[in-house]
Peer 1: 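Before anything else, here's the structure in question.
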Amino acid sequence: MILGITGGFGCGKSTVLHFFESRNFFILDADAVCRSFYENRHPLLMRCIRDNFGPEIISADNYVDRKKLAAVLFGAPEKMKLITDVIYPLLTHKVIAEIDLCRQKKIHGAFEIPLLYEAGFEKYFDAVLAVWCPAELRKKRLLNRNFSPDEVDRRDRMQIDPDEKLARADYAVINNGSETDLTGQLEMLIGQFDC
């Protein structure tokens, strides 16, 4: 089983990914992959940022100030598209390569991709799992992680509504209780995967 994991901002996707890792699935965190493009100063990404966002986004030691960039991007969908037009093909290449490797090795894989539907990645997976929780609980979790209410709202506006992700997914877990409750749902789910 090659599983794509998605859900709204603050729903608990990373917790779900760690569960699959503990069950010996190969895992990929798309956010971490994208961070690596910034950290490794991928030439296409650096050129895009220099050309479209100016030198104030890039520090003296040639690193992207991701907080400054995020402040610009999450308020302007047209600017976000400039970055995603560079990032999505790079991420697609990595995701497809890792899926191919899982298939060659005949191992299960779990890929956490927050913008899975937004980027059209669902076609690469055997199934999609949506992680869902009520909006009020998501906001509470994110505020506890030091996101401002404005940051939460801006990021939410850039994504497909979590309810729609839930409706479109092949499988779902509802993360509105304890981690034990969530693990119980995931154990039932994994029982269907012949692991």
Side-chain angles (χ1 to χ4, degrees), residues 1-42 45 66 70 83-84 86-133 137-138 141-142 144-145 147 155-156 158-160 162 164-195:
M1 170 65 73
I2 308 296
L3 188 66
I5 300 168
T6 194
F9 186 41
C11 281
K13 297 178 298 296
S14 295
T15 302
V16 169
L17 189 66
H18 292 306
F19 168 85
F20 284 105
E21 182 178 31
S22 75
R23 298 311 188 270
N24 298 316
F25 275 57
F26 167 84
I27 64 158
L28 181 137
D29 175 346
D31 283 348
V33 172
C34 291
R35 272 193 306 276
S36 76
F37 299 144
Y38 289 94
E39 290 162 2
N40 297 325
R41 296 176 279 197
H42 193 285
L45 182 59
R66 292 183 63 231
I83 294 292
T84 59
V86 173
I87 294 270
Y88 283 175
L90 298 172
L91 180 60
T92 300
H93 179 76
K94 175 72 171 172
V95 166
I96 290 173
E98 297 297 353
I99 288 172
D100 287 347
L101 202 56
C102 287
R103 294 200 193 286
Q104 287 169 23
K105 293 181 173 181
K106 295 183 169 51
I107 59 173
H108 296 291
F111 293 65
E112 178 191 347
I113 305 180
L115 301 178
L116 181 141
Y117 288 118
E118 292 85 344
F121 278 32
E122 65 272 23
K123 62 184 171 264
Y124 301 122
F125 297 99
D126 297 328
V128 173
L129 168 64
V131 184
W132 186 92
C133 72
L137 181 55
R138 283 192 312 107
R141 288 176 180 163
L142 292 165
N144 287 340
R145 287 170 43 194
F147 287 96
R155 288 177 185 239
D156 274 349
M158 299 299 287
Q159 296 189 14
I160 291 173
E164 184 179 338
K165 291 182 180 189
L166 179 68
R168 289 173 68 175
D170 301 292
Y171 300 102
V173 290
I174 308 303
N175 188 16
N176 62 353
S178 69
E179 194 165 331
T180 302
D181 295 335
L182 180 61
T183 299
Q185 293 177 65
L186 291 166
E187 292 284 8
M188 286 177 60
L189 177 65
I190 208 171
Q192 302 176 47
F193 295 163
D194 191 31
C195 294

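In what follows, residues are counted from 1 in the order of the sequence shown.
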Peer 1: Donor-acceptor pair, distance only, cut-off 3.5 Å: does the side chain of Asn175 make one with the backbone of Val131?
Peer 2: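 No: the side chain of Asn175 does not pair with the backbone of Val131.
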Peer 1: Which pair of heavy atoms, one from Ala70 and one from Arg155, lies closest together, and at what distance?
Peer 2: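 So the minimum-distance heavy-atom pair works out to CB-NH2, 4.2 Å.
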Peer 1: How close do Asp170 and Ala127 get, heavy atom to heavy atom, and via which atoms?
Peer 2: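 Taking Asp170 first and Ala127 second, the nearest heavy atoms are OD2-CA, 3.3 Å.
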Peer 1: Applying salt bridge (Lys or Arg N to Asp or Glu O under 4.0 Å), which residue pairs with at least one partner in residues 105-122 are found, sequence neighbours left out?
Peer 2: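 Only Glu118-Lys165, Glu122-Arg168 qualify under salt bridge (Lys or Arg N to Asp or Glu O under 4.0 Å).
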Peer 1: When you look at Ile190 and Phe19, which way does the side-chain contact (heavy atoms from CB on, under 4.5 Å) test go after all the steps?
Peer 2: CA-CA 10 Å; Ile190 208 171; Phe19 168 85; 4.0 Å; yes
Peer 1: Within a strict 4.5 Å, meaning less than it, do heavy atoms of the Leu28 and Lys94 side chains meet?
Peer 2: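 Result yes, sub-4.5 Å side-chain heavy-atom pair found.
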Peer 1: Answer whether the closest heavy-atom distance between the side chains of Glu21 and Leu17 falls below 4.5 Å.
Peer 2: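 Contact flag for Glu21/Leu17 side chains = no.
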Peer 1: Provide the closest heavy-atom pair for Asp29 versus Asp31 in the form atom of the first, atom of the second, distance.
Peer 2: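 Taking every non-hydrogen atom into account, OD1-N, 2.9 Å.
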Peer 1: Determine yes or no for a side-chain-to-main-chain donor-acceptor pair under 3.5 angstrom, with Asn176 supplying the side chain and Cys133 the backbone.
Peer 2: no
Peer 1: Mind checking whether Arg141 and Asn144 have side chains closer than 4.5 Å, heavy atoms only?
Peer 2: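 They are not in side-chain contact.
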Peer 1: Quick check: do Leu166 and Ile174 have side-chain heavy atoms less than 4.5 Å from each other?
Peer 2: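 The answer is yes, as the side chains (C-beta and beyond) meet within the 4.5 Å cut-off.
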Peer 1: For Glu187, is the CD atom crowded, meaning more than 12 foreign heavy atoms sit under 6.0 Å from it?
Peer 2: yes
Peer 1: Using a 3.5 Å distance criterion without hydrogens, assess whether the side chain of Asn40 forms a donor-acceptor pair with backbone atoms of Phe37.
Peer 2: no
Peer 1: When you compare the side chain of Gln192 with that of Tyr171, does any pair of heavy atoms fall below 4.5 Å?
Peer 2: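 Contact flag for Tyr171/Gln192 side chains = yes.
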Peer 1: Look up atom SG in Cys102 and atom CD1 in Ile107, then write down how far apart they are to the nearest 0.5 Å.
Peer 2: 4.5 Å
Peer 1: To the nearest 0.5 Å, what is the distance between SG (Cys34) and CZ (Arg66)?
Peer 2: 8.5 Å
Peer 1: Supply the atom-to-atom distance Ile87 CD1 to Thr84 OG1, rounded to the nearest 0.5 angstrom.
Peer 2: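 Ile87 CD1 to Thr84 OG1: 8.5 Å, rounded to 0.5 Å.
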Peer 1: CG/Leu189 to OG1/Thr183 distance, rounded to the nearest 0.5 angstrom?
Peer 2: 12.0 Å
Peer 1: Quick one: does Phe20's side chain get under 4.5 Å of Ile5's, heavy atoms only?
Peer 2: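 Yes, close enough: below the 4.5 Å cut-off.
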Peer 1: Starting at CZ of Arg23, measure out to NE2 of His18 and round the result to the nearest 0.5 Å.
Peer 2: 13.5 Å
Peer 1: Could you check whether the rings of Phe25 and His108 sit parallel, tilted or perpendicular, using 30° and 60° as the cut-offs?
Peer 2: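 If you compare the ring of Phe25 with that of His108, the planes turn out parallel.
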Peer 1: Return the set of residues passing ring pair (Phe, Tyr, Trp, His ring centres under 6.0 Å) with Tyr124 (not counting sequence neighbours), or none when no residue passes.
Peer 2: Phe121
Peer 1: Evaluate Gln104 against Leu101 for side-chain contact (heavy atoms from CB on, under 4.5 Å), listing each step before the verdict.
Peer 2: CA-CA 5 Å; Gln104 287 169 23; Leu101 202 56; 3.9 Å; yes
Peer 1: Determine yes or no for a side-chain-to-main-chain donor-acceptor pair under 3.5 angstrom, with Arg138 supplying the side chain and Phe9 the backbone.
Peer 2: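 Such a contact is found between Arg138 side chain and Phe9 backbone.
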Peer 1: Under a 4.5 Å cut-off applied to non-hydrogen side-chain atoms, are Leu3 and Val128 in contact?
Peer 2: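 Leu3 vs Val128: side chains apart.
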Peer 1: Just by modelled atom types, is the Ile113 backbone N or O under 3.5 Å from a matching donor or acceptor in the Thr6 side chain?
Peer 2: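 At least one qualifying donor-acceptor pair exists.
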Peer 1: Decide yes or no for Phe111 and Ile27: does some side-chain heavy atom of the first lie under 4.5 Å from some side-chain heavy atom of the second?
Peer 2: no
Peer 1: If you measure from CD1 on Ile2 to CZ on Phe26, what distance do you get to the nearest 0.5 Å?
Peer 2: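 Nearest 0.5 Å value for the CD1-CZ distance: 9.0 Å.
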Peer 1: On a heavy-atom basis, which atom in Gln185 and which in Val173 lie closest, and how many Å separate them?
Peer 2: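 Taking Gln185 first and Val173 second, the nearest heavy atoms are OE1-CA, 3.3 Å.
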